[in-house]
Each structure stands twice: as structure tokens, then as C-alpha cells.
Number of protein chains: 2
Amino acid sequence: MSECTHASHRELVNNTRENMPELDTMFELADFFKVFSDSTRIRIMSALFQGELSVCCIAEILNMEQSTISHQLRILRRENLVKVRKDGKQSYYSLADDHIRQIFEMGLEHISE
Amino acid sequence: MSECTHASHRELVNNTRENMPELDTMFELADFFKVFSDSTRIRIMSALFQGELSVCCIAEILNMEQSTISHQLRILRRENLVKVRKDGKQSYYSLADDHIRQIFEMGLEHISE
DNA sequence: TGAACATATGAACAATCATTCATACGTTAT
DNA sequence: ATAACGTATGAATGATTGTTCATATGTTCA
């Protein structure tokens, strides 16, 4: 246990704490970015930028198992990032939000440095 | 193995693939967001928005072990999101990038819905 | 030089999470 | 009704990762 017993230490700690976002907000923020932290989900969203796609189409585009895609789509659905349209045997998925493009571009911007 | 043997199926698959970002880029994108996907790191960055802080200060602000903070700072350092200034026994960390604020705000924007 | 402090880091552990396998559910066509 | 197809999902598994403990490194002060 370090003490850091400097002069204005306690004050700095309190001040910083007060100016930080709510604890809940920071947890939500982490959870939000967690959705974007998996390459399979990134690839799914990248594919959906082109327009709506059925599950098996996505699976073939990414060259991955249908089951894997379904599981990840479930997460994207839970976070309201994609929406589904059912037509016969197929489920067509599309992006639910225009924010996603912005978030992608911001990430890409940071990467290219 | 599902087939999805529709008319323009193969064409759609190829078209979508071609218009997607490079595979490497999508992996990098996921890795980038992974840094923001942990609540401890989010809290550290939130604290650093107020200005530079020593390791033990951050630990006390978050009420977590010094070791935990050091480990997470290591990750933030590796991703070039924070920079260090050593002064005597202490290491003072600060945000390395103004992008971070934008990324935070974009996330917060999406959350509040 | 030795003690106290601030930080960094390796190893162990626990928890989380993505993928796979098997299978169930719902729809279409014969 | 049965078969074939598309999708969803629970359980098991393997890999990744955050935290803790112990300890090493480096600095300051007596």
C-alpha cells in the first residue's frame, strides 16, 4: 500500500474524482466498446455496410461457421447495433444505426498513424 | 453446411468481400477498440482527462491496487494512448492523444439513448 | 550504506468469451 | 406428412485477459 502523502494529495484525489463521469457511465462505456473489440463482429458490421445480408451469406463472406455468425449477431442484436427482417426461411440483418459508421471511421483514423 | 444457393448469391458474396476493408485493417480495428473495452482502463483515462497523475494517485482515485493500475497503464502505453514523465521516484502519466476525447464522446453519445 | 518509498513485472488464478458441436425450431416444397 | 433448408441456441472447450501476490528495480533521504 503506497501512501503518496504529498501536500495537496488528498485534494487532488477528491477533485479528480468529482470531475470524472459517473461510475455507471464508465462501465457502460466499456461495455459499449467491448462490442467493437472482436474481429468477427467488426467483419460482420463491415459486410453490413454494403446493405442487408442473410446469415448464411455473412457466414460465407467471412468463411466462418453459420453458428458462429448467429452467436455474434445475437450480441449485436442485444446491443441494438443490427436489426433483423425475417422473410421465409431467411433472416436478413442490417445495421441499426448510423453512429456505427462514425465510430468505425474514428477508429480507422487513429489506426493510420 | 448451408448452401444458400440463390441466383445472384455468389456475385453478392464476391461484391461484398471486395468492398470490405482489408482483413488486417479489420483486425487492427478490433484490437484498437479492445483497449477501450475494459472499465479500469476507461476509468484511468477518465482520470487523466483532468491532467497528469502519478501511478499511486490513480490507484487511490480508483480505489484499486497499484499493481493493477501499473499493468493497465502498460497496455495503454503499448497502444500509445498515454505517455510517461519520470520525476524522481514517481511516474506521471498523461493522455498522449486528443483523439481519445472524441472517441469517449462518441461512445457517450451512443449510450445516452 | 541502509531504509523507505514508487513503480514495474512475472507467475498464478479466476473469470470472461469466442468457437464448435449437436440439436431444436420454423419455413418451404414435394 | 416428410424432407430439405435456414436459423437459433445450449453445453462444452480452449483461449484470452484482468487481478492479485510476491518480488525486483530504481530513487530519495537519513
Side-chain angles (χ1 to χ4, degrees), chain A residues 1-7 9 12-13 26-27 30-45 48 52-79 82-94, chain B residues 1-7 9 12-13 26-27 30-45 48 52-79 82-94:
Chain A
M1 281 302 150
S2 38
E3 278 296 327
C4 255
T5 42
H6 309 310
H9 178 63
L12 175 59
V13 167
M26 294 188 286
F27 277 98
D31 283 341
F32 173 70
F33 286 121
K34 201 168 291 174
V35 189
F36 293 85
S37 72
D38 177 73
S39 61
T40 302
R41 288 192 291 270
I42 290 283
R43 294 174 71 199
I44 292 175
M45 290 187 269
L48 292 180
E52 71 170 13
L53 291 168
S54 67
V55 176
C56 69
C57 255
I58 300 175
E60 197 176 334
I61 290 168
L62 305 199
N63 197 29
M64 295 181 82
E65 302 247 349
Q66 170 266 320
S67 174
T68 305
I69 305 300
S70 273
H71 278 297
Q72 297 305 332
L73 282 171
R74 191 173 190 278
I75 294 172
L76 293 172
R77 226 167 47 218
R78 168 160 50 82
E79 303 293 327
V82 299
K83 50 178 189 255
V84 209
R85 177 178 70 83
K86 306 224 175 195
D87 182 20
K89 289 182 288 189
Q90 332 230 358
S91 295
Y92 290 97
Y93 282 82
S94 56
Chain B
M1 284 301 150
S2 36
E3 279 294 330
C4 255
T5 43
H6 308 309
H9 178 64
L12 176 59
V13 167
M26 293 188 287
F27 277 97
D31 283 340
F32 172 71
F33 286 121
K34 199 168 292 174
V35 189
F36 294 86
S37 72
D38 176 71
S39 61
T40 301
R41 287 192 291 270
I42 289 284
R43 293 173 72 199
I44 291 175
M45 290 187 270
L48 292 179
E52 72 171 12
L53 291 168
S54 66
V55 177
C56 69
C57 254
I58 301 174
E60 196 176 334
I61 290 168
L62 304 199
N63 197 27
M64 295 181 83
E65 303 245 350
Q66 170 266 321
S67 174
T68 306
I69 305 300
S70 272
H71 278 297
Q72 296 306 333
L73 282 170
R74 190 175 191 280
I75 295 173
L76 293 172
R77 226 167 46 217
R78 168 160 49 82
E79 302 294 325
V82 299
K83 51 176 187 261
V84 209
R85 176 178 72 83
K86 306 225 177 192
D87 182 20
K89 289 182 288 189
Q90 332 231 356
S91 295
Y92 290 96
Y93 282 83
S94 57

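In the text below, chain A, chain B and the rest are named by the order of the sequence lines, each starting its count at 1.
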Item to complete: Using only heavy-atom distances, decide whether a donor-acceptor pair under 3.5 angstrom links the side-chain of H71(B) to the base of dT17(D).
Response: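 Flag unset: no donor-acceptor pair detected.
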Discussion item. With hydrogens left out and only the distance checked, is there a donor-acceptor pair under 3.5 Å joining Q66(B)'s side chain and the base of dA8(C)?
Written reply: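 It does, because a donor-acceptor pair links the side chain of Q66(B) to the base of dA8(C) below 3.5 Å.
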Fill in: Residue closer to the 5' end of DNA chain C, V84(B) versus K34(A) (nearest nucleotide)
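Mapping each residue to its closest nucleotide by heavy atoms, the 5'-most match is V84(B).
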Discussion item. Need to verify one output field. Residue with the more 5' nearest nucleotide on DNA chain C, S39(A) or G88(A)?
Written reply: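 Nearer the 5' end of the strand: S39(A).
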Interatomic distance where [atom1] belongs to [X] and [atom2] belongs to [N] [whole Å]:
| X | N | atom1 | atom2 | answer |
| --- | --- | --- | --- | --- |
| Y92(A) | dT27(C) | OH | P | 15 Å |
| I75(B) | dT17(D) | CD1 | C1' | 8 Å |
| E60(B) | dT7(C) | CD | C1' | 16 Å |
| E65(B) | dG18(D) | CD | C1' | 13 Å |
| L62(B) | dG18(D) | CG | P | 15 Å |
| F36(B) | dT17(D) | CZ | C1' | 18 Å |
| K89(A) | dT27(C) | NZ | P | 12 Å |
| Q72(A) | dT7(D) | CD | P | 16 Å |

Please report the interatomic distance [atom1]([X]) to [atom2]([Y]), rounded to the nearest 0.5 Å.
| X | Y | atom1 | atom2 | value |
| --- | --- | --- | --- | --- |
| I58(A) | T40(A) | CD1 | OG1 | 12.0 Å |
| H71(B) | Q66(B) | NE2 | CD | 8.5 Å |
| I42(A) | Q72(A) | CD1 | CD | 11.5 Å |
| I44(A) | L53(A) | CD1 | CG | 10.5 Å |

Fill in: Per K86(A) side chain, nearest of listed nucleotides dT19(C), dC21(C), dA8(D)
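When the side chain of K86(A) is considered, dA8(D) is the closest of dT19(C), dC21(C), dA8(D).
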Discussion item. Quick check for you: among dT20(C), dT7(C), dA8(D), whose closest atom lies nearest to any side-chain atom of S70(A)?
Written reply: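 Closest nucleotide among those given: dA8(D).
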Discussion item. Under 4.0 Å, counting only non-hydrogen atoms across every strand here, what does I58(A) touch: a base, just sugar-phosphate, or nothing?
Written reply: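 The residue I58(A) makes no contact with any strand.
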Worksheet item: With a non-hydrogen cut-off below 4.0 angstrom, is S91(A) in contact with a base, only sugar-phosphate, or nothing?
Response: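 Sugar-phosphate, backbone atoms only, no base.
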[X] side-chain N/O to [N] phosphate OP1/OP2 under 4.0 Å:
| X | N | answer |
| --- | --- | --- |
| R77(B) | dT9(C) | yes |
| S67(A) | dT9(D) | no |
| R74(B) | dA8(C) | no |
| Y93(A) | dA8(D) | yes |
| T68(B) | dT19(D) | no |
| R41(B) | dG18(D) | yes |

Discussion item. Any heavy-atom pair between the side chains of V84(A) and L73(A) that's under 4.5 Å?
Written reply: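 Not touching, per the 4.5 Å side-chain cut-off.
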Worksheet item: Out of R85(B), K83(B), R77(B), E52(B), which residue meets the side chain to side chain donor-acceptor pair (under 3.5 Å) rule with Y93(B)?
Response: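 Between Y93(B) and the candidates, side chain to side chain donor-acceptor pair (under 3.5 Å) is satisfied uniquely by R77(B).
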